[in-house]
Amino acid sequence: MKITFYGHACLGIQIKDIHIIVDPFITGNDKASAIDINDIKADYILVTHAHQDHTLDVEAIAKRTKTVIVSNYEIVMHYQNLGFEGHPMNHGGSWDFEFGKVKYVNAIHTSAFEDGKYGGQPGGFIIESEHKNIYIAGDTALTMDMKLIPMQTKLDLAILPIGDNFTMGIDDAIIASDFIECDKILGYHYDTFGYIEIDHEDAKRRFFDKNKDLMLLEIGESVEL
Ligand code: NI
Ligand code: MN
């Protein structure tokens, strides 16, 4: 499993020859100007919630290739009504896709499209594939529901928001890492806007002090699991 950071909360996940994009927001992110969305392949687009900083490039990417949009029921209905292919899920539900098992889990946040249209309830994803398990938290507060995750899944990596203001900040993400019983964290949802700028070295040190590893990737950089 190869995970690429495309800036903000956008990830590319490659599992064998299947390409998955999570929360595409590239053309609206000045920091990701080196990434050309025309180079991005997506057999699947996973959408955690409807906010524009997670959905801006869904249509542009889905239009170009045959893509299945996976999200909550309301978001998938929105895209199906526009002619796109989708797979609706809801909280607590899992589905075996060709690349692995996906579960849609709780997030504490809000979810509306840019025009105010209801975007269902926000979530995160657990992906189990190739004997590796990852948790993509989406935009969320620290929540006790995270304690449910390790009861069923031994995580190899968790992708947590750390930018504060709209989501968890560093201190809550450290507690989340305890709740989910995973000490290997990839941080996301930071630095894109003024509200969520962080000090990288300070953030890494605070995780390190709790015997945890916080990875912060450059935009376009990948990790292999
Ligand atoms: Ni959001
Ligand atoms: Mn967001």
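The structure displayed is predicted, hence computed values, not measured ones.
Taking both residues in full, the closest heavy atoms of Pro161 and Ala173 are given as O-CB, 4.1 Å, listed atom of the first, atom of the second, then distance. Taking each heavy atom of Pro122 and His91 in turn, the nearest pair found is O-NE2, 2.9 Å. Nearest heavy-atom pair across Gln80 and Gly86 is NE2-O, 3.2 Å. Taking all atoms of both residues into account, the shortest heavy-atom contact from Ile185 to Ser177 is CD1-CB, 3.8 Å. When every heavy atom of Lys31 is checked against every heavy atom of Thr192, the shortest pair comes out as NZ-O, 4.2 Å. Of all the heavy atoms in His189 and Asp139, the pair that sits closest is CD2-OD1, 2.9 Å.
For the side chain to side chain contact (heavy atoms under 4.5 Å, CB included) criterion with Ile20, the lone passing option out of Thr67, Ile15, Ile3 is Ile15.
Contacts of His109 classified as ring-ring contact (aromatic ring centres under 6.0 Å, His included), with partners at least two apart in sequence or in another chain: His49, His51. Shown here are the salt bridge (charged side-chain N to carboxylate O under 4.0 Å, His left out) partners of Asp145, two or more places apart in sequence or in another chain: there are none. The side chain to side chain contact (heavy atoms under 4.5 Å, CB included) test applied to Thr55 returns Val47, Val58, Tyr79, not counting sequence neighbours. When the side chain to side chain contact (heavy atoms under 4.5 Å, CB included) test is applied to Asp39, the partners found at least two apart in sequence or on another chain are Asp36. Among residues two or more places apart in sequence or in another chain, the ring-ring contact (aromatic ring centres under 6.0 Å, His included) test is passed with Phe208 by none. Partners of Asp172 under the side chain to side chain contact (heavy atoms under 4.5 Å, CB included) rule, at least two apart in sequence or in another chain, are Leu142, Met168, Ile175. For Lys16, the salt bridge (charged side-chain N to carboxylate O under 4.0 Å, His left out) partners are Glu130, not counting sequence neighbours. Every ring-ring contact (aromatic ring centres under 6.0 Å, His included) that Phe25 has, sequence neighbours left out, goes to His8. Residues forming a side chain to side chain contact (heavy atoms under 4.5 Å, CB included) with Asp178 (at least two apart in sequence, or on another chain): Lys212.
Note that CD of Glu85 and OH of Tyr44 are 8.5 Å apart. Values are rounded to the nearest 0.5 Å.
Each salt bridge (charged side-chain N to carboxylate O under 4.0 Å, His left out) pair with one or both residues in residues 53-62, not counting sequence neighbours, would appear here, but there are none. Pairs engaging residues 112-164 under the ring-ring contact (aromatic ring centres under 6.0 Å, His included) rule: His78-Phe113, Tyr104-Phe125 [sequence neighbours left out].
A donor-acceptor distance shorter than 3.5 angstrom exists from the side chain of Ser129 to the backbone of Phe99, with no hydrogens or angles considered.
The closest side-chain donor-acceptor pair between Thr48 and Asp23 falls under 3.5 angstrom.
Taking the charged nitrogens against the carboxylate oxygens, Asp209 and Arg205 have no contact shorter than 4.0 Å, which rules out a salt bridge. Electrostatic pairing of Asp156 and Lys184 does not count as a salt bridge here, judged by no charged N lying under 4.0 Å from a carboxylate O.
Residue Met151 belongs to a hydrophobic cluster whose other members are Leu148, with links defined by side-chain heavy atoms closer than 4.5 Å.
Ring-centre distance between Tyr188 and Phe5: not below the 6.0 Å cut-off.
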Notebook entry, point to check: Step by step, would you call Leu155 with Glu181 a side chain to side chain contact (heavy atoms under 4.5 Å, CB included)?
Noted result: CA-CA 7 Å; Leu155 295 172; Glu181 298 177 18; over 6 Å; no
